[in-house]
There are 2 protein chains.
Amino acid sequence: MTKKPLARPRPMYLEMAQQLAAEIKNGDYQAGDLLPFDGDLADTYGVSKHTVRSAIAELRSMGLVYTQQGKGTLVRDQGGAAPAVTIDRSVQRSGKAWRLSDLPEHEPPAVTRTTLEGRVAALLGQPDQDAISVDRLLSDPATGVRAAHRMLIPLATAAEVPSLAEVPDVPPSDLLKQLSEAGKTLTFKEHVTARAPYPDERITLGLTDSSPLLISYRITAETRDGEEHPLLCEELRAPASCELVFAVAAAKAATQRTPRRSASA
Amino acid sequence: MTKKPLARPRPMYLEMAQQLAAEIKNGDYQAGDLLPFDGDLADTYGVSKHTVRSAIAELRSMGLVYTQQGKGTLVRDQGGAAPAVTIDRSVQRSGKAWRLSDLPEHEPPAVTRTTLEGRVAALLGQPDQDAISVDRLLSDPATGVRAAHRMLIPLATAAEVPSLAEVPDVPPSDLLKQLSEAGKTLTFKEHVTARAPYPDERITLGLTDSSPLLISYRITAETRDGEEHPLLCEELRAPASCELVFAVAAAKAATQRTPRRSASA
DNA sequence: TATCATTTGTTCGTATGTATC
DNA sequence: CGATACATACGAACAAATGAT
């Protein structure tokens, strides 16, 4: 009289999510369509509402659908074709004037003083040193997509170029101009990763679900004595509905030097 | 009798996740430590085990902890400082020889013929055209981290440079060399976004949870008649424990041209 | 404007399966 | 083998948001 565990290799909610995902990508559900509601899906699949919710949570975290309380579960407009917002991370220069393309500010920047720690400290090579932090909340007027931008000016850099610290909440390109006028040759590296947002980030960025966050650090460095010395660090946190675009520099590899310490180059 | 929309209490599980996240980042729990188990946490917080599970699911998707069935919930080794693997996406050139830094292959590449669709088709500007697809599963020997790499050679490009299609499963840098030898001037753009993995991607990439996936498209283009014509598209899918590094080109902005169509530059 | 049905969100309780020690 | 602890699944109740009446 023992129950047959059905010998299913994968959990039912994943099976269900995979099937629904296939149907969405197959076009059975068009973008903007409402998925059948919890109860109906539970009946047709012969499972409980809870299992349906787990499956839908999977679909949501995959970015295939989004849900609105009181309305239903809607299929995302995803030919996978176009991201909601394209954030251009290119750097342009004409003489000592720089041009960065950024989203418009949503609020006036907040200037604070912080201690460098974590990934930022590692990238700047200045753990436990102090820095001026300029925090901005950016917003794309067309879509309402928000992103958080933080410009970190280490005190060591401000000591070299004091004008940076006087009015730190100017556009980032102005800071680059001041560094150029101080005689520095600037290079740029971007470090990109992703993670799920923290609860407070979900609020400030206006995220409805826990879809991932793109994290990008732009390190502005000067090349001195053949070595790169980091001067500034910008941190950008944007929802994954965005796409970051980089114009990649094709460095000349005449001299074969590999100063990178990365495990896998 | 109007409703106060402001004083909304946040859901308990989010509150709990935020507090636990703060404690982890505060150092109350060290890397490798076991979190108190469901039942104890439920008692101390005065909630049900189900709510504890929701909170822990949040922490897991944030990458702060990971769980092992039968063992417990462990705190990730994350000073937030160093990513597991740094993937160098720089491009180096010496004459007509190119050098790309890639992870070692885990299996011999699989060559198939596909039709361009979705984001890749949009980036190449060739919807519904055919292409040669070379799929590789990369693996970092030190950490075991895996990544999926796909090189797409549109038939239009193969028609211009037939040698590409003859042996497509050579290292990407070899393809660049052939393009260079065909007299083409190459430029590179990377488009980076993130999303949660599909179930099959979780399997092939060996992911234990649904932490995000970094998606990067590298478009190799030639500049002809002042316009960029895409030639190749590489798709890289890597777990978010990785970090992608780009050396950003500082383009000269002497002529102010903005051919980008992006909504928010 | 207010009410109401619909649908998702959150929380509880409970039970069973399964991996680890 | 047994205890522990996470994973999955069912059922139920109420809260909150939405849209229509």
Side-chain angles (χ1 to χ4, degrees), chain A residues 1-18 20 29 32-61 64-76 199 202-203 206-211, chain B residues 1-18 20 32-61 64-76 199 202 207-210:
Chain A
M1 214 50 128
T2 54
K3 292 243 287 303
K4 301 300 284 298
L6 199 57
R8 57 158 169 272
R10 288 158 58 73
M12 197 175 309
Y13 76 95
L14 282 182
E15 212 71 59
M16 206 175 151
Q18 192 157 26
L20 286 172
Y29 298 108
D33 278 3
L34 280 166
L35 242 56
F37 102 104
D38 284 16
D40 293 345
L41 279 177
D43 288 346
T44 57
Y45 279 80
V47 297
S48 79
K49 252 177 59 172
H50 220 110
T51 306
V52 174
R53 285 192 49 71
S54 297
I56 288 182
E58 279 287 317
L59 295 177
R60 204 174 31 181
S61 82
L64 290 177
V65 303
Y66 62 99
T67 52
Q68 279 186 30
Q69 198 176 140
K71 197 171 179 183
T73 304
L74 299 105
V75 177
R76 270 243 163 79
R202 261 155 73 158
I203 295 171
L207 306 175
T208 57
D209 49 19
S210 63
S211 61
Chain B
M1 209 48 170
T2 52
K3 294 240 287 302
K4 304 293 288 295
L6 187 64
R8 55 137 176 255
R10 305 253 318 283
M12 182 93 56
Y13 76 95
L14 282 182
E15 212 71 60
M16 209 174 148
Q18 190 160 25
L20 286 172
D33 278 3
L34 280 166
L35 279 186
F37 107 103
D38 285 17
D40 293 346
L41 278 177
D43 288 346
T44 58
Y45 279 80
V47 296
S48 80
K49 264 174 45 173
H50 220 108
T51 306
V52 174
R53 281 192 50 70
S54 297
I56 289 182
E58 281 287 317
L59 295 177
R60 204 174 30 182
S61 79
L64 290 176
V65 304
Y66 62 100
T67 52
Q68 280 186 28
Q69 196 175 148
K71 195 171 180 184
T73 303
L74 298 106
V75 177
R76 269 244 163 79
R202 262 153 74 158
L207 305 175
T208 57
D209 49 20
S210 63

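Any value given below was found using the heavy atoms of this structure, including those in side chains, with hydrogens, waters and symmetry copies removed. Below, chain A is the first sequence line, B the second, and so on; all start at residue 1.
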For the student: nearest non-hydrogen atoms of [X] and [Y], plus distance:
X	Y	value
A:L34	A:K71	CD2-O, 4.1 Å
A:Y13	A:A55	O-CB, 3.5 Å
A:A42	A:K49	CB-N, 4.0 Å

Next on the checklist: What I'd like to find out is whether the side chain of B:V52 reaches to under 4.5 Å of the side chain of B:Y45, using heavy atoms alone.
Outcome noted: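 No, side chains not in contact.
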Checklist entry - Would you call A:L64 and A:V75 a side-chain contact if the rule is heavy atoms closer than 4.5 Å? => result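 No, their side chains stay 4.5 Å or more apart.
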Spacing of [X] atom [atom1] relative to [N] atom [atom2], expressed in whole Å:
X	N	atom1	atom2	value
A:L35	C:dT8	CG	P	9 Å
A:R60	C:dT10	CZ	P	8 Å
A:Y66	D:dA17	OH	P	18 Å
A:E15	D:dT8	CD	C1'	14 Å
B:M16	C:dT10	CE	C1'	14 Å
A:L34	D:dA20	CG	P	12 Å

Taking only nitrogen or oxygen atoms into account, show me every contact under 3.5 Å that the protein makes with nucleotides 10-12 of chain D, one pair per line with its distance.
residue : atom : partner : partner atom : Å
D:dC10  : OP2  : A:S48   : N            : 3.0
D:dC10  : OP2  : A:S48   : OG           : 3.2
D:dC10  : OP2  : A:T51   : OG1          : 2.3
D:dG11  : O6   : A:H50   : ND1          : 3.1

Rounded distance [0.5 Å steps], [atom1] in [X] versus [atom2] in [Y]:
X	Y	atom1	atom2	value
A:L74	A:Q68	CG	CD	6.0 Å
A:L20	A:I56	CG	CD1	7.5 Å
B:S54	B:M16	OG	CE	9.5 Å

Checklist entry - Within the structure, does a side-chain N or O atom of A:Y13 lie under 4.0 Å from either OP1 or OP2 of D:dT8? => result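 Yes, such a contact exists.
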Checklist entry - With respect to the phosphate group of D:dA7, does any side-chain polar atom (N or O) of B:R53 fall under 4.0 Å of OP1 or OP2? => result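 Indeed, a polar side-chain atom of B:R53 lies that close.
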Checklist entry - Considering only side-chain heavy atoms of B:T67, which listed nucleotide, C:dG9, D:dC6, D:dA9, is closest? => result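 Ranking C:dG9, D:dC6, D:dA9 by closest atom to the B:T67 side chain puts D:dC6 first.
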Item to check | Counter-base of C:dT1, judged by Watson-Crick or G-U geometry with both distances under 3.5 Å | outcome: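 Partner of C:dT1: none found under 3.5 Å.
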Item to check | Steps toward side-chain contact (heavy atoms from CB on, under 4.5 Å) verdict (A:L59, A:T73) | outcome: CA-CA 10 Å; A:L59 295 177; A:T73 304; over 6 Å; no
Enumerate the protein-to-nucleotides 2-7 of chain C contacts in which both atoms are nitrogen or oxygen and the separation is below 3.5 Å.
residue : atom : partner : partner atom : Å
C:dT7   : O2   : A:G70   : N            : 3.3

